[in-house]
Amino acid sequence: MHIIKPTNRGAKGMMAVKRTLRQKNQIAVRNAKASLAMEGFYLTPKEDQLLSLKAEGRLKESEFLARALELAKNV
């Protein structure tokens, strides 16, 4: 995470934070998992691994969808 100099906009003392795409994806995954948990749903280890691989950019969309479909069929 890169912190850049303070700005005069917004709340006093707030720093603008520049995040990488990977960091944004990690935050999005954590938020999604937290939202699911609030509703009483949890990912299996296989689902968690699949989601992490996609968020890290290590899977193409087509491969992600194919694997997700296979997981859904086995439920």
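Residues N25 and T20 fail the side-chain proximity criterion, which asks for heavy atoms closer than 4.5 Å. Side-chain contact check for F64 versus L50: some heavy-atom pair is nearer than 4.5 Å. R19 is listed as a side-chain neighbour of I27, based on a closest heavy-atom distance under 4.5 Å.
No continuous path of hydrophobic side-chain contacts links L43 to L53 [ILVMFWY only; heavy atoms under 4.5 Å]. Residues L36 and L71 do not share a hydrophobic cluster, clusters being chains of Ile/Leu/Val/Met/Phe/Trp/Tyr side chains in contact below 4.5 Å.
Within the model, atoms NZ of K33 and CE of M38 stand 16.0 Å from one another, a figure rounded to the nearest 0.5 Å. For the atom pair CD (Q26) and CG (N31), the distance works out to 12.0 Å, reported to the nearest 0.5 Å. For the atom pair E56 CD and L51 CG, the distance stands at 10.0 Å (nearest 0.5 Å).
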Residue pair K46, N74: steps toward the side-chain contact (heavy atoms from CB on, under 4.5 Å) verdict: CA-CA 12 Å; K46 286 184 179 183; N74 294 325; over 6 Å; no

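Remark: the backbone N or O of T44 is paired with a side-chain donor or acceptor of E47 at under 3.5 angstrom.
Under 4.0 Å is where a charged nitrogen must lie from a carboxylate oxygen, and between K54 and E63 no such pair does.
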